[in-house]
Amino acid sequence: MKIATFNVNGVNGRLPVLLRWLAEAEPDVVCLQELKAPDERFPRGQIEKAGYGAIWHGQKSWNGVAILARGTQPIETRRGLPGDPDDGHSRYIEAAVAGVLIGCIYLPNGNPAPGPKFAYKLRWFDRLTEYASELLSLDVPVVLAGDYNVMPTDLDVYKPERWRDDALFRPEVRSAYHALVAQGWTDALRTMHPGERIYTFWDCFRNAWGRDAGLRLDHLLLSPAIADRLRAANVDRAVRGWEKASDHAPVWIELAEPK
């Protein structure tokens, strides 16, 4: 089973890139972030023609998350992260696919920090951590995949000294990520590449892609009930170099069949 996450940075504007990648990579499940489209403008028809069922949680111009499943329809289990009924951002959607509970995450950026946006980011992280604990208590296979907008360690950023005060790298955010993982989650990409500088995002400015000035922002966390099925994890970094590409590349894992 191949599960991927891909911040598309505009699902309609990047649709040719997404469809090409789906055809080439053939993932079984895909979590998309930054749809930047209201629900009625999600390209359901083209996605279905590509062989994928889909659920989505859109928002005009900003945010937006979706889960695609090859050859089947994801069974939606949650829309929106619990803990704040007044939060209108489309940043979390969850579905059951082939016996696995998939949570698709688009965590807030939080810049400028400090400030209201950074405070919102930390509150959202707290809500995610609390809900993740509930998911672990179910003792079922869970994958929390998406753009977490955090580089967990110095190994995850091309020049750590330049990012110390950024909301993606401040100690409060890294501590929140480590506290989440410490509940018992497995960071799949880092587990399979423990000492490697491996990036998932390259800015569109200052020739970041050409200089390989990247960041690791996109993560797949596995619950204990599925972590022992992890067989591979990697980044389809070549996609970042395609014409009209997103500033993120797809990240994927491969899981063995359940015993």
Side-chain angles (χ1 to χ4, degrees), residues 4-9 31-34 62-65 81 83-84 87 89-92 103-133 135 142-203 208 213-223 233 235 237 240 246-253:
T5 181
F6 189 9
N7 181 322
V8 290
N9 192 15
C31 294
L32 301 178
Q33 302 86 38
E34 279 203 272
W62 307 100
N63 307 322
V65 285
L81 195 66
D84 184 357
D87 185 1
H89 289 202
S90 300
R91 295 185 175 275
Y92 186 84
C104 178
I105 292 166
Y106 179 48
L107 210 134
N109 178 289
N111 278 304
K117 290 184 178 181
F118 188 63
Y120 169 65
K121 178 175 189 168
L122 295 179
R123 290 196 305 271
W124 207 95
F125 228 136
D126 286 342
R127 289 163 56 200
L128 174 62
T129 302
E130 184 174 350
Y131 181 60
S133 178
L135 291 177
V142 183
V143 177
L144 295 179
D147 178 359
Y148 284 69
N149 268 317
V150 55
M151 298 92 79
T153 71
D154 284 7
L155 194 61
D156 301 310
V157 51
Y158 70 99
K159 281 191 179 295
E161 65 276 7
R162 294 189 179 180
W163 291 83
R164 297 297 180 195
D165 295 324
D166 193 277
L168 281 64
F169 200 52
R170 284 179 66 99
E172 304 97 316
V173 175
R174 285 183 287 153
S175 294
Y177 181 84
H178 294 312
L180 171 62
V181 173
Q183 291 179 335
W185 299 92
T186 294
D187 182 333
L189 195 60
R190 184 52 69 208
T191 296
M192 300 305 294
H193 302 271
E196 185 178 343
R197 287 197 174 276
I198 186 165
Y199 303 136
T200 68
F201 168 92
W202 296 261
D203 207 323
L215 312 173
R216 188 172 79 99
L217 302 178
D218 305 271
H219 313 299
L220 296 102
L221 302 187
L222 314 184
S223 71
V235 181
R237 58 176 288 148
R240 176 62 180 82
S246 170
D247 44 12
H248 293 251
V251 185
W252 53 266
I253 60 173

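Numbering of residues begins at 1 and proceeds along the displayed sequence.
Looking at every heavy atom in both residues, Y148 comes nearest to H219 through CE1-O, 3.3 Å. Nearest approach of V173 to N149, heavy atoms of both residues: CG1-O, 4.4 Å. Closest heavy-atom contact between M151 and D156: CG-O, 3.5 Å. Contact detail for A167 and N109: the closest heavy-atom pair is CB-O, 3.4 Å. Nearest heavy-atom pair across C104 and V65 is SG-CB, 3.9 Å. H178 approaches T153 most closely through the heavy-atom pair CE1-CG2, 4.2 Å.
With hydrogens and angles disregarded, no donor-acceptor distance shorter than 3.5 Å links the side chain of T200 to the backbone of A249. Looking at S223, its side chain does come within 3.5 Å of a backbone N or O of V142 through a donor-acceptor pair. When atom types are taken as modelled, the side chain of H248 and the backbone of W202 share no donor-acceptor pair closer than 3.5 angstrom.
Looking at heavy atoms from C-beta onward, S246 lies in side-chain contact with F6 at the 4.5 angstrom threshold. Side-chain contact check for L220 versus V251: some heavy-atom pair is nearer than 4.5 Å. At a threshold of 4.5 Å between non-hydrogen side-chain atoms, the residues I253 and L222 count as touching. Side-chain atoms of L107 and V150, non-hydrogen and from C-beta on, never get closer than 4.5 Å to each other. The side-chain heavy atoms of R91 and L81, taken from C-beta on, include no pair separated by under 4.5 Å. The side-chain heavy atoms of V235 and R240, taken from C-beta on, include no pair separated by under 4.5 Å. With contacts defined as side-chain heavy-atom distances shorter than 4.5 Å, the pair Y131/L144 does not qualify. Using a 4.5 Å cut-off on side-chain heavy atoms (C-beta onward), F125 and Y177 make contact.
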Test side chain to side chain contact (heavy atoms under 4.5 Å, CB included) on L221 and D187 and set out the steps.
CA-CA 5 Å; L221 302 187; D187 182 333; 4.0 Å; yes
Check the pair N111 / L168 against side chain to side chain contact (heavy atoms under 4.5 Å, CB included), numbers first and verdict last.
CA-CA 8 Å; N111 278 304; L168 281 64; 3.5 Å; yes
R170 and F118: CA distance, side-chain angles, deciding distance, side chain to side chain contact (heavy atoms under 4.5 Å, CB included) verdict:
CA-CA 10 Å; R170 284 179 66 99; F118 188 63; 3.7 Å; yes
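Residues passing the salt bridge (Lys or Arg N to Asp or Glu O under 4.0 Å) test with D203, sequence neighbours excluded: R206. Residues satisfying the side chain to side chain donor-acceptor pair (under 3.5 Å) test with R127, not counting sequence neighbours, are D87.
A cation-pi arrangement is present between R174 and F169 under the rule of less than 6.0 angstrom and at most 45 degrees off the ring axis. The cationic atom of R237 (NZ for Lys, CZ for Arg) does not lie both less than 6.0 Å from the six-membered ring centre of Y199 and within 45° of the ring axis.
From L128, atom CG reaches atom NZ of K121 across 12.0 Å, with rounding to the nearest 0.5 Å. With rounding to the nearest 0.5 Å, the separation of SG in C31 from OH in Y92 is 9.0 Å. Between the CD atom of Q33 and the CG atom of D147 there is a distance of 6.0 Å, given to the nearest 0.5 Å.
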Scan the side chains in residues 179-186 for donor-acceptor partners under 3.5 Å anywhere in the protein, sequence neighbours excluded, and list what turns up.
{"unit_1": "Q183", "atom_1": "OE1", "unit_2": "W185", "atom_2": "NE1", "d": "3.0"}
{"unit_1": "Q183", "atom_1": "NE2", "unit_2": "T129", "atom_2": "O", "d": "2.8"}

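For the 3.5 Å distance criterion, the side chains of D218 and N7 fail to qualify, holding no donor opposite an acceptor.
Checking each of K159, R164, R216 against D154 for a salt bridge (Lys or Arg N to Asp or Glu O under 4.0 Å) leaves exactly one that passes, namely R164.
Under the 6.0 Å cut-off for aromatic ring centres, H89 and Y106 do not qualify, their centroids lying 6.0 Å or more apart.
More than 12 heavy atoms of other residues, nucleotides or ligands lie within 6.0 Å of CD in E172, so this atom counts as buried by the packing criterion.
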